[in-house]
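Okay, so here's the structure we're looking at.
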Amino acid sequence: MIWLDILVQGILLGGLYALFAAGLSLVFGIMRLVNLAHGDLIILAAYLVLMGVTLLGLSPWIAALVAVPVMFALGWLLQAAVLNRVLGKDILPPLLVTFGLSVALQNGLLEVFSADSRRIPVGALEGASLDLGLVTVGIMPLMTFASAIVMIIGLNGLFYHTALGRAFRATSDDAVTAGLMGIEPKRIFAIATGIAMVVVTLAALYLGMRANFDPSIGPARLIYAFEAVIIGGLGSLWGTLAGGIIIGVAQTFGAALNPEWQILAGHIAFLAVMLLKPRGLFPRAVD
Amino acid sequence: MILRLENVSKSFGALKVADSVTVSVPRGEALGIIGPNGAGKSTLFNLITGNLFANEGRIEFLGRDVTRAPAMERVRMGVGRSFQIPQPFEGLTVFENLLTAAAFGRGGREAEMVDDCARILEETELLRKANFVAGSLSLLDRKRLELARALATGPELLLLDEIAGGLTEGECKALVATIRAIHARGTTIIWIEHVLHALTSVVERLLVLDFGRVIGIGAPDEIMASKAVREIYLGLEV
Amino acid sequence: MLETHGLTANYGQFRALFGVDITVAAGECVAIIGANGAGKSTLMRSITGVLGNEPGMVLHRGEPIGALSSAEIMKRGIAMVPEGRRLFPSLTVEENLLVGGQARKVPGPWSLDTVYDLFPILRERRKSPGTALSGGQQQMVAIGRALMSNPELLLCDEISLGLAPVIIRDIYAALPRIREGGAAIVLVEQDIGKALAVADRVYCMMEGRVTLVAKAAEVAREQIHSAYFGVAA
Amino acid sequence: MYRMTTHTRAGAVTAISAPIFIVAALALPAVASRGVVQDLFFILTMLTLAQIWNLLAGYGGLVSVGQQAFVGIGAYAMFAGVILLGWNPVLAIPLGGLAALVLAVPTAFFAFRLQGAYFAIGTWVIAEVTRLLVAQWKALGGGTGTSLPREATSSILGTDAIRTLFGLREAAARDVLAYWLALALVVAVTGGIYWLLRSRLGLALAAVRDNVDAAQSVGVDTGRLRWAVFLIAAAATGLTGALVFLQTARISPGAAFAVTDWTANVIFIVVIGGIGTIEGPILGVLVFFALRSALADYGSWYLMTLGLIAVVVMLFAPKGLWGLIASRNGLHLFPARRRLTGPKIEGGI
């Protein structure tokens, strides 16, 4: 029965990783940009939410709601003012720019918020759990997982059933031809990064409520997100969720064997998938 | 025969870009390839050079089966090519472009290749600009560089892809004279070209391609006179 | 309605157009013919802002549009059927059509329904991915997609390329109906016979220059041959 | 009648002045304080890492953010040689290079499966995995790390000679030795890269960077080239890592596999100085050291500033400071450009 428990915990943890990964996947899918500052942006959003709670006295949910437009605007600006200028055939400039941003952001947060571990207080919800007979699951992990699913359904709805989503997909396929259809690719990119930051805020909310965070943990979140995206196969959000679950399960099993092996087990699972399925589990037909 | 293609086919998904192409090229020949845009001419080149691999059929070069041989190996065996859209190494000088081709295409030491590169530069009228960065060249000089770089690999078989397109008449004439001289020295040439007067002034045979199929091969006069070819190629309803 | 003045275009260091002047009047059908590499597609790409150019080189209704982005030019009513169709592979047929009309919403004859009436086969296949279609059907989608914005001017780049003659005939049969809708058409073609059959006027290009301007009805084969190849027939 | 040359006047100046610089640098410990020697050691090792990363990314197009894997494994292999095998620390340094080379094989195998930008994060994952695995190595202190044993540091090959030569205490003599080794390494790495650029391989690298298809069509084996560059870079990085931790004499997974120290800083040096040139990293490391000294008291503001400067440089001067200088007056201190000389040839570059 303990193994079933570990499995369920792992799956639920996968929901959090899918939340980390969705923004990365979205941006890469639309503009082939890998944002190395993605993890640090999650941490930034977590501090924003925390500030809403501690300074304004809001509940975490309301604070996240307030942080959403701020993060959207930040993403929009980042893309319009910086990243659009370096997008192109050469992958080096965007990589180096986002890497520079990552280090700058990380150290900026360190300066402002210090290296102390923080947590977004959620009161009674924190320890609450639900007895499902065979296993007992925490309310918070369950909510995380449910949010991941709702988020994926929402993003897929946006992608496949709205004019904006059509514009996203058209631009992703062929930005030049999209321009001939009256779509400004750079505007689309800015909106996409803005939306990615909304997802990042959601990820940050759960990250901050479930565990302690400090300014240095961004890069590790980037790596989990990246692994989930690659395992899932580029361009599929459900695949990303599957990727997140694989890493989550590997981590909980690893931790059950030896607490020091938790992170390592996740990485090993990633490498194993890479070895067997270099294009991920659910690769897109059209690349 | 320096080159033999036997029932070579290539598809991209449902699109058949080479459809059972069979053709033999004797050593020393100059063969022209014509056909409408999208007929599969450049694809055929890519299959011969190994930039693409055939789905079916067999390609022989110098009597050896090279159907699966990678591009690099075929270059070293003596297949030199120019690209339709000039693709110079833009950051290198004209001379360095040739030097790279000579050093790797023939597998020799750089120092041994200098004289040969200079000779090719002279022949292609690029000597003057040997030390110019390739990225700064005009279209004509880029075309010349495509030719020169292909020559520097020491080819037995030279594949030219629309090398005369986009040039003025005078420029085109000069380039044709160079190609003729290369041919006269015994290099086998296969040449895709839309500028027909340039092509027909050099080649001994013409091959017509449409929808990846060979729809005619023979002496240039006969081919150009054939009604089917005129219709397909020009679309003129005569 | 559209004019170019001494339009030049460069790809990096090299020049593909050397001062091209063309005009298109409202409702007119103009053919631009020439061999591969003559600069026809470059001309289309310059007009639609895919390649940048000097602001004053392209005028639409007398206003310079050379510095505008593709999207802005399209919103002024200049739609393009690009060479090679360029359908969006991750969109269905219907989505490809919808994407063509979503940025410019003006009243006009073209809508999803009327495009489906023009090319009935597309209605049957509207849920298929665009790229699952045959070449001819893809071409129909590309044309329909451009029509969805109800353009004043439709630029068609090589719409018969790589298609079987019988399919080309079907596609050309749609052109008169598109003209009835009021749009001017520019046809870039290698297929001279097809182009001359529908065009009012013809420009022939060679090596980045216009070598012949004539009324389609009056032009002689010999003229075209020499303008096309640079040598007499 | 026709000759090939790479000779330029700036190149001649370099050829004459470089040996003078090297001799002066060798003699420096005779007059410099221990602090200066330590600073120079830091500068030289960072310069070595920067030259190597520049070879990878600037010349080879392989943007790795996982170089800390090779620094760390090199350092740990050196420690293993000393602690587990009882080797003299100086002789254990090559073990670091070897270990990095061995690690580079599976790393390349995995990372080359990832295209473009994902290659970068792929190398990072491997570095993390290596770090976590090494942290399990209890014989070398596990997660908390370990120090070189006293008897090993006191008997480092050559320190006795240095002590008598300069009349120094043991720890200072060890710094001098490390400094000399760093000097030898940076000269070997810079010289090696320069030699590489002037060899056939240099032409191939430039060709691949400009146009992969065309490079293949003239016979360049692009796949083998990538492997070669990656393996060479890994081995040299491993050597540097071993040397750095010989000097500190203390190691932990956190320090040996630090992405900030061994990759971020290195990338900033290359980007600010100018990627794709040998001069760039040299200029970059000087700027980096100046910034570090000036902002040393401001904690993390310093790294934040560095990151932002790198972003600004990428946006407005993508070829870095050296690029600005070179575009102005065409100065190349390390000319690799092959020029053809003879009749009928006009200027060019």
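Labels below follow one simple rule: chain letters A, B, ... track the order of the sequence lines, proteins then strands, and each chain is numbered from 1. Worth knowing before you read on, the calculation uses all heavy atoms, side chains too, and leaves out hydrogens, waters and symmetry mates.
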On the 0 to 90° scale, with breaks at 30° and 60°, tag the D:F112-D:W227 ring pair as parallel, tilted or perpendicular.
-> perpendicular

Side chain, backbone, both or neither: which part of D:I267 has a heavy atom under 4.5 Å from chain A?
-> side chain

Pick from D:V259, D:T260, D:L114 with the largest number of heavy-atom pairs that fall under 4.5 Å of chain A = D:L114

Partner chain D: residue of A:V97, A:T98, A:N258 with the largest heavy-atom pair count (under 4.5 Å) = A:V97

Consider only side-chain N and O atoms of D:Q216 and D:T222, and report whether a donor and an acceptor are under 3.5 Å apart.
-> yes

Within 45° of the axis and under 6.0 Å from the centre of the six-membered ring of D:F42, does NZ or CZ of D:R292 qualify?
-> yes

Which bit of A:L36 comes within less than 4.5 Å of chain D, counting heavy atoms only: side chain, backbone, both or neither?
-> side chain

Applying side chain to side chain contact (heavy atoms under 4.5 Å, CB included), run through A:Q106 and A:L110 and close with a yes or a no.
-> CA-CA 6 Å; A:Q106 204 177 323; A:L110 192 62; over 6 Å; no

Proximal component of D:F110, with respect to chain A [non-hydrogen, under 4.5 Å] = both

In terms of heavy-atom proximity below 4.5 Å to chain A, should D:Y118 be classed as side chain, backbone, both, or neither?
-> both

Qualifying residue for side-chain contact (heavy atoms from CB on, under 4.5 Å) with D:F230, from D:L225, D:L62, D:V105 | D:L62

Test side chain to side chain donor-acceptor pair (under 3.5 Å) applied to D:Q51 and D:T48, step by step = CA-CA 5 Å; D:Q51 290 290 9; D:T48 309; over 6 Å; no

Which one of A:I268, A:V86, A:L96 has the most heavy-atom pairs closer than 4.5 Å to chain D?
-> A:L96

Can you say whether A:E227 sits under 4.5 Å from chain D via the side chain, the backbone, both, or neither, judging by heavy atoms?
-> side chain

A:L101 portion near chain D, given a 4.5 angstrom heavy-atom threshold | both

Given D:V125, D:V312, D:V63, the one with more heavy-atom pairs under 4.5 angstrom with chain A than any other is D:V125

Given a strict heavy-atom distance threshold of 4.5 Å, which part of D:F316 is in contact with chain A: side chain, backbone, both, or neither?
-> side chain

Contacting moiety of D:V271, where chain A heavy atoms sit under 4.5 Å | side chain

Cut-off 4.5 Å, heavy atoms of chain D, and the answer for A:V229 is side chain

Per-residue contact mode, D:I275 against chain A (heavy atom under 4.5 angstrom) = side chain

Below 4.5 Å from any heavy atom of chain A, which atoms of D:A264 appear? Answer side chain, backbone, both or neither.
-> both

Pick one of side chain, backbone, both or neither for A:L275, based on which atoms fall under 4.5 Å of a heavy atom in chain D.
-> both

Based on non-hydrogen pairs under 4.5 Å, which of D:R113, D:R131, D:E128 is most in contact with chain A?
-> D:R113

Begin from the C-alpha positions of A:R210 and A:L16 and carry the test side chain to side chain contact (heavy atoms under 4.5 Å, CB included) through to its verdict.
-> CA-CA 10 Å; A:R210 292 180 56 166; A:L16 182 64; 4.0 Å; yes

Side-chain donor-acceptor pair present, A:W261, D:Q136, cut-off under 3.5 Å | yes

For the pair A:F99 and D:W124, name the ring-plane relationship: parallel under 30°, tilted 30 to 60°, perpendicular over 60°.
-> perpendicular

A:I91 portion near chain D, given a 4.5 angstrom heavy-atom threshold | side chain

In terms of side-chain heavy atoms, does D:T263 have a donor or acceptor partner in D:Q68 at a distance below 3.5 Å?
-> yes

Measuring heavy-atom distances to chain A, does D:I309 have an atom under 4.5 Å in its side chain, in its backbone, in both, or in neither?
-> neither

Would you mind checking which part of D:V65 comes under 4.5 Å of any heavy atom in chain A, side chain (CB onward), backbone (N, CA, C, O), both or neither?
-> side chain

Chain D: which of A:E111, A:E260, A:M274 shares the most heavy-atom pairs with it under 4.5 Å?
-> A:E111

Using side-chain contact (heavy atoms from CB on, under 4.5 Å) as the criterion, point out the one residue from A:I231, A:T252, A:V273 that pairs with A:I247.
-> A:I231

Test item: A:N84 and A:L87 side chains (from C-beta on) under 4.5 Å apart, heavy atoms | yes

Any donor and acceptor pair, going by atom type alone, linking the side chain of A:R118 with main-chain N or O of A:A46 inside 3.5 Å?
-> no

Greatest number of non-hydrogen atom pairs under 4.5 angstrom with chain D, of A:L222, A:I263, A:L271, falls to A:L271

